[in-house]
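Excluded from the calculations below are hydrogen atoms, water molecules and symmetry mates; all remaining heavy atoms, backbone and side chain alike, are included. Reminder, nothing fancy here: chain letters follow the sequence lines and each chain counts from 1.
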Amino acid sequence: MSKPFYITTAIDYVNGQPHLGHAYEKILTDVIARARRSLGEPVFFLTGLDEHGQKVQQAAIRENKAPQTYCDELAADWKAFAGTLNLTNDDFVRTTELRHKQTVQAILAKLHAAGHFYQSEYRGFYSQKEETFLTEKDRQPDGKFDPSFGEVVELVENNYYFKLKDHQQWLIDYIEANPEFIQPDYRRNEVLGFLKNNTLEDLCITRPAARLNWGIPLPFDPAYVTYVWFDALVNYISVPAALGDPTLATALPDLKLEAQNSKQSLWPADAHVIGKDILKFHAVYWPIMLKAMGLPLPKQLLVHGWWQKDGAKISKSTGNIVEPLEVIAEWGVDAFRYYVVRELSIGPDGNWTDDGFKVRYDSELANGLGNLLNRSLSMLKKYRNGIVPAPSAFQKDGTALVDVDDIPRIEADLRAHQLQDALVKIWNIVTRANQYIQRTEPFKMAKVPEKAAELDAVLYNLVETCRVLAVLLWPFIPGASEKIYAQLGLKDSPAKFSDAAWGKLSAGHTIGEPAALFLAKISCRSRARRSPVVAAEVTRRTSRRISNPPPYVGGYFDNCSSNRLRKKSADPKAGACLKPVYSRGVTSPPPTAPHSAASSCRRDGCAPGRRGRARCTRCAPSDASRSRPRDTSCRSSGSSPWRGPAPACRSSRTSGSTTRR
RNA sequence: GCCAGAGUAGCUCAGGGGUAGAGCAGAGGACUCAUAAGCCUUUGGUCGCAGGUUCAAUUCCUGCCUCUGGCACCA
């Protein structure tokens with residue numbers, strides 16, 4: 001058994017309720033953890049809470065609670081939140097737990113004995129009201145501190161310091177020698193720039209217990225508690241230590257936990273997923289702490305950006321917020337997970353817009369993936385009684401749907417933590433499958449008995465593609481993925497990446513009932529609002545196909561994807577909006593469809609029946625620009641307007657992705 | 001101020017010395033298996049500004065303008 005893939009989130013400071021940023025980091029981590037499990041690796045995924053410190057102590061006092069009680073109550077919310085996000089964390093660490101405090105103290109004792117700490121005086125301006133030292137930034141232009149700080153006194157305080165000065169050069173060398181250690185690259189460059197241009201100052205690691213007692217006491221001097229660094233960061237090793245990690249047991253021989261004796265080390269972590277705001281702590285202090293302990297460094301710091309909403313900073317005070325729980329309640333956790341992972345790659349800041357969310361939900365999840373599943377299963381049900389047909393020679397088409405290269409490329413993206421790229425590739429398959437239906441027209445084959453074998457093949461390819469998609473999507477949207485498997489009538493789980501191999505669906509298998517995977521909430525409502533005729537048809541179809549139509553809760557999408565229909569519906573005398581309704585074959589088609597219903601041509605005398613610009617002589621485009629030829633051939637093959645060596649052919653450029661990395 | 005990075009279509013972004021690319025948005029069309037979904041076609045750009053190198057610059061160089069990030073107070 002190989003070493004488990006050990007991945008962590010930062011632990012969140014428990015002084016409030018979880019917000020979008022917390023949710024984002026946890027989801028990224030969970031997708032990576034699930035992906036590794038799916039790929040067959042053992043995984044340990046750790047998240048948790050940072051519960052010590054002044055703000056917690058103060059908040060507890062304000063609520064007239066013991067700090068531990070205060071933390072216990074909030075911790076319940078945070079654990080529930082992890083469940084709501086459908087996280088697969090293997091443990092949940094709280095820094096007030098005994099196992100954590102014991103590890104912290106063992107480390108402090110060891111480093112103190114080895115001479116890494118010293119005591120020194122700290123002199124500064126202290127606000128008694130705010131119970132904090134002030135900095136130069138807190139000064140007003142006239143040199144005085146803001147009255148909101150109350151009385152400010154100059155205070156001298158002894159504290160313990162951690163020596164950093166000797167560690168600068170090896171850390172620079174290490175980061176330069178290990179490009180994967182800090183990702184993305186520009187974050188790595190920031191750390192290197194900082195390390196090369198500044199001299200590290202020793203780190204103050206304590207607070208006097210008289211001033212702050214909600215913390216872990218120094219084992220060698222109970223007059224002090226340790227401050228954030230040797231508390232919060234240590235969570236990454238306190239849980240493995242408690243689980244009996246042999247690497248940690250060797251490094252911390254005095255740590256006597258009631259540990260299971262594990263044979264496998266979790267440490268070093270394979271990835272710490274963190275926000276850009278805490279990069280320095282993880283890229284500078286943490287490696288030095290580990291080096292001092294004699295422990296190896298984590299393999300990677302994966303640094304994500306922050307979210308904005310509507311282009312502005314997320315802020316409780318201005319009300320510019322995204323409430324994850326509300327979004328999940330309305331749209332489902334899979335949609336939420338999908339949006340935050342698909343919207344941006346790991347690194348840059350993101351911008352949440354409600355419209356953007358709705359567009360992705362509607363066009364990508366509901367109309368792209370969900371509708372593909374629905375139409376594929378419906379046809380199999382309708383034409384073959386829901387029984388998967390036997391393989392035939394025609395099925396080689398399936399390789400065009402899920403290209404032989406797709407699976408390894410997606411696997412490579414997952415391993416490289418390029419989650420957005422993986423989703424883009426997966427959606428290429430969705431698009432290809434929808435194109436395939438249009439190209440092969442199985443609904444026409446069904447009317448021609450001689451094409452039965454071909455229809456078998458097309459149906460097989462479609463249903464099998466849906467199955468493969470479920471497997472590929474499991475790390476991202478596990479709920480939807482499992483629903484796809486259920487609709488396919490498969491008993492097992494789509495959680496094994498190797499099941500993405502083509503052809504695992506066996507002939508004779510009977511699928512389950514098709515149902516909407518992601519209900520498109522809007523588009524039909526939007527249309528319905530504009531045309532009573534369409535509204536009636538929508539209601540009829542909805543009630544026929546969906547056994548339990550959800551109640552309409554109000555609100556419309558502004559961006560209806562089919563503006564053509566919308567605009568025509570808005571024209572009171574066109575009747576054009578009827579066209580799609582008639583064409584459903586419900587009733588006979590309109591005897592004389594108005595010309596304007598089918599064409600953009602509105603000139604008098606343009607013969608009915610002509611459709612499209614090209615066929616209408618009076619409306620034909622006169623400008624040459626419309627038919628500007630597109631010559632994509634390689635220039636070097638023809639007569640060249642320039643001299644010199646033949647230039648490289650530029651016609652084979654690969655298309656770009658929408659992501660900058 | 002210092003150090004990075006970025007300015008390309010309405011939006012989000014790829015690209016890169018030789019006719020400018022994708023997705024979304026916009027426009028037109030054909031179809032009916034499907035969640036009014038899906039499919040096809042298509043309009044948009046002096047590639048921030050000014051110089052320079054070059055037969056040729058959006059691409060390389062220089063300068064300028066604008067924006068973003070970092071520069072250890074803090075999660």
Q: Taking the side chain of A/Lys55 as heavy atoms from C-beta outward, which of B/C74, B/C33, B/A75 is closest to it?
A: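 When the side chain of A/Lys55 is considered, B/C74 is the closest of B/C74, B/C33, B/A75.
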Q: Would you list the pairs meeting salt bridge (Lys or Arg N to Asp or Glu O under 4.0 Å) in which at least one residue belongs to residues 191-202 of chain A, sequence neighbours left out?
A: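 Found A/Lys165-A/Asp202, A/Glu176-A/Lys196.
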Q: Given B/G38, is OP1 or OP2 found less than 4.0 Å from the side-chain N or O atoms of A/Gln435?
A: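 No.
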Q: Out of B/C33, B/G38, B/A72, which nucleotide sits closest to the side chain of A/Asn371?
A: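 Selected nucleotide (nearest to the side chain): B/G38.
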Q: Quote, to the nearest angstrom, the C1' distance that separates B/U43 from B/G21.
A: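 To the nearest whole Å, 16 Å.
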Q: Determine the Euclidean distance between corresponding P atoms of B/A25 and B/C39; express it in Å to zero decimal places.
A: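 That atom pair is separated by 11 Å.
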Q: Assign A/Phe194 to base, sugar-phosphate, or nothing according to its heavy-atom contacts below 4.0 angstrom with the strands shown.
A: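 Counting heavy atoms under 4.0 Å across all strands, the contact made by A/Phe194 includes a base.
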Q: Which value, in whole Å, describes the distance between the P atoms of nucleotides B/G45 and B/G70?
A: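 36 Å, rounded to whole Å.
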Q: Is there a side-chain polar atom (N or O) of A/Tyr227 under 4.0 Å from OP1 or OP2 of B/A75?
A: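 Result: yes.
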Q: Indicate, with a heavy-atom threshold strictly under 4.0 Å, whether A/Ser376 touches base, sugar-phosphate, or nothing.
A: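 No contact at all - A/Ser376 keeps every heavy atom at 4.0 Å or more from the nucleic acid.
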Q: Is A/Glu513 paired with A/Lys381 through a side-chain N to carboxylate O contact shorter than 4.0 Å?
A: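 Yes.
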Q: Examine B/C71: is either OP1 or OP2 under 4.0 Å from a nitrogen or oxygen in the side chain of A/Lys280? Give yes or no.
A: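 Yes, such a contact exists.
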Q: Under a 3.5 Å cutoff, is there a donor and acceptor pairing between the side chains of A/Trp286 and A/His272?
A: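 The answer is yes; a qualifying pair exists.
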Q: Look at the side chain of A/Asp50 and decide which nucleotide, out of B/C33, B/A75, B/A72, has an atom nearest to it.
A: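 Nucleotide nearest to A/Asp50's side chain: B/A75.
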Q: Determine the interatomic distance between C1' on B/G5 and the same-named atom on B/G23; round to the nearest Å.
A: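 Pairwise C1' distance, B/G5 against B/G23, rounds to 24 Å.
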Q: Looking only at side-chain atoms of A/Asn374, point me to the closest of B/C71, B/A75, B/A34.
A: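 For A/Asn374, the side-chain atoms sit closest to B/A34.
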Q: Whole angstroms only, please: what is the CG-P distance between A/Asn189 and B/G70?
A: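 To the nearest whole Å, that distance equals 14 Å.
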Q: For the side chain of A/Ile437, counting heavy atoms from C-beta on, which of B/C33, B/G38, B/C71 is nearest?
A: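 From the listed options, B/C33 comes nearest.
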Q: Under 3.5 Å for both distances, Watson-Crick or G-U wobble, that's the pair rule; now give the dot-bracket for RNA chain B, with | marking pairs to another strand and [ ] for crossing ones.
A: (((((((..((((....[..)))).((((.........)))).....(((((..]....))))))))))))....
Q: Distance between the P atoms of B/A34 and B/A9, in whole angstroms?
A: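 Their P atoms lie roughly 41 Å apart.
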Q: Roughly how far apart, to the nearest Å, are B/A22 and B/U42 at atom P?
A: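 It comes out at 10 Å once rounded to the nearest Å.
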Q: Using the benzene-type ring in the case of Trp, are the ring centres of A/Phe357 and A/Trp331 under 6.0 Å apart?
A: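 Yes, the ring centres sit under 6.0 Å apart.
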Q: Can you identify which nucleotide, out of B/C33, B/G69, B/C31, has its nearest atom closest to the A/Lys444 side chain?
A: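 Nearest nucleotide to the side chain: B/C31.
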Q: Specify the residue among A/Asn434 and A/Gly370 whose closest nucleotide of RNA chain B lies further upstream toward the 5′ end.
A: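 Nearer the 5' end of the strand: A/Gly370.
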Q: Heavy atoms under 4.0 Å, any strand shown: does A/Phe518 hit a base, just sugar-phosphate, or nothing?
A: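 The residue A/Phe518 makes base contact.
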Q: In terms of side-chain heavy atoms of A/Phe281, which of B/C39, B/C33, B/A75 is nearest?
A: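 Closest nucleotide among those given: B/A75.
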Q: Please list, chain by chain and in numerical order, all residues satisfying ring pair (Phe, Tyr, Trp, His ring centres under 6.0 Å) with A/Phe162, sequence neighbours excluded.
A: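 Scan of A/Phe162 (ring pair (Phe, Tyr, Trp, His ring centres under 6.0 Å), adjacent residues dropped) gives A/Phe117, A/Phe230.
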Q: Taking C-beta and beyond as the side chain, do A/Ile314 and A/His19 meet within less than 4.5 Å on heavy atoms?
A: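 They are not in contact (no side-chain heavy atoms under 4.5 Å apart), so the answer is no.
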Q: Using the P atoms only, state how far B/C64 lies from B/A75, rounded to an integer number of Å.
A: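 Looking at atom P only, B/A75 and B/C64 are 39 Å apart.
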Q: Quantified in whole Å, what is the C1' atom distance between nucleotide B/C2 and nucleotide B/U53?
A: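 It works out to 31 Å between them.
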Q: Please confirm whether the backbone N or O of A/Asp310 pairs with a side-chain atom of A/Asn351, one donor and one acceptor, at under 3.5 Å?
A: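 Confirmed, A/Asn351 side chain pairs with A/Asp310 backbone.
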Q: Measure from the side chain of A/Asp277, starting at C-beta and using heavy atoms only, and say which of B/A75, B/G38, B/C33 lies closest.
A: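 Ranking B/A75, B/G38, B/C33 by closest atom to the A/Asp277 side chain puts B/A75 first.
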Q: Looking across every strand, which nucleic acid part, if any, lies under 4.0 Å from A/Glu201 by heavy atom: base, sugar-phosphate, or nothing?
A: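 Here A/Glu201 touches the bases of the nucleic acid.
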Q: Among B/A75, B/C33, B/C39, which nucleotide has an atom closest to any side-chain atom of A/Val228?
A: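 Given the options B/A75, B/C33, B/C39, the side chain of A/Val228 is closest to B/A75.
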Q: Heavy atoms only, 4.0 Å cut-off, all strands: where does A/Thr353 land among base, sugar-phosphate and nothing?
A: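 It contacts nothing in the nucleic acid.
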Q: Check whether any side-chain N or O of A/Gln168 sits under 3.5 Å from a backbone N or O of A/Leu200 as a donor-acceptor pair, and report yes or no.
A: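 At least one qualifying donor-acceptor pair exists.
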Q: Can you figure out which of B/A75, B/C33, B/G69 approaches the side chain of A/Arg187 most closely?
A: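 It is B/G69.
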Q: Among side-chain atoms of A/Thr206 and A/Asn159, is any donor-acceptor pair under 3.5 angstrom?
A: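 Yes, side-chain donor-acceptor contact under 3.5 Å.
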Q: With respect to the phosphate group of B/C3, does any side-chain polar atom (N or O) of A/Lys196 fall under 4.0 Å of OP1 or OP2?
A: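 No, A/Lys196 has no side-chain N/O under 4.0 Å of OP1/OP2 on B/C3.
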Q: For RNA chain B, whose closest nucleotide is more 5', that of A/Glu190 or that of A/Leu200?
A: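 On the 5' side of the pair lies A/Glu190.
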Q: Under 4.0 Å between any heavy atoms, over every strand shown, what does A/Leu517 touch: base, sugar-phosphate, or nothing? Just pick one.
A: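 Here A/Leu517 touches the bases of the nucleic acid.
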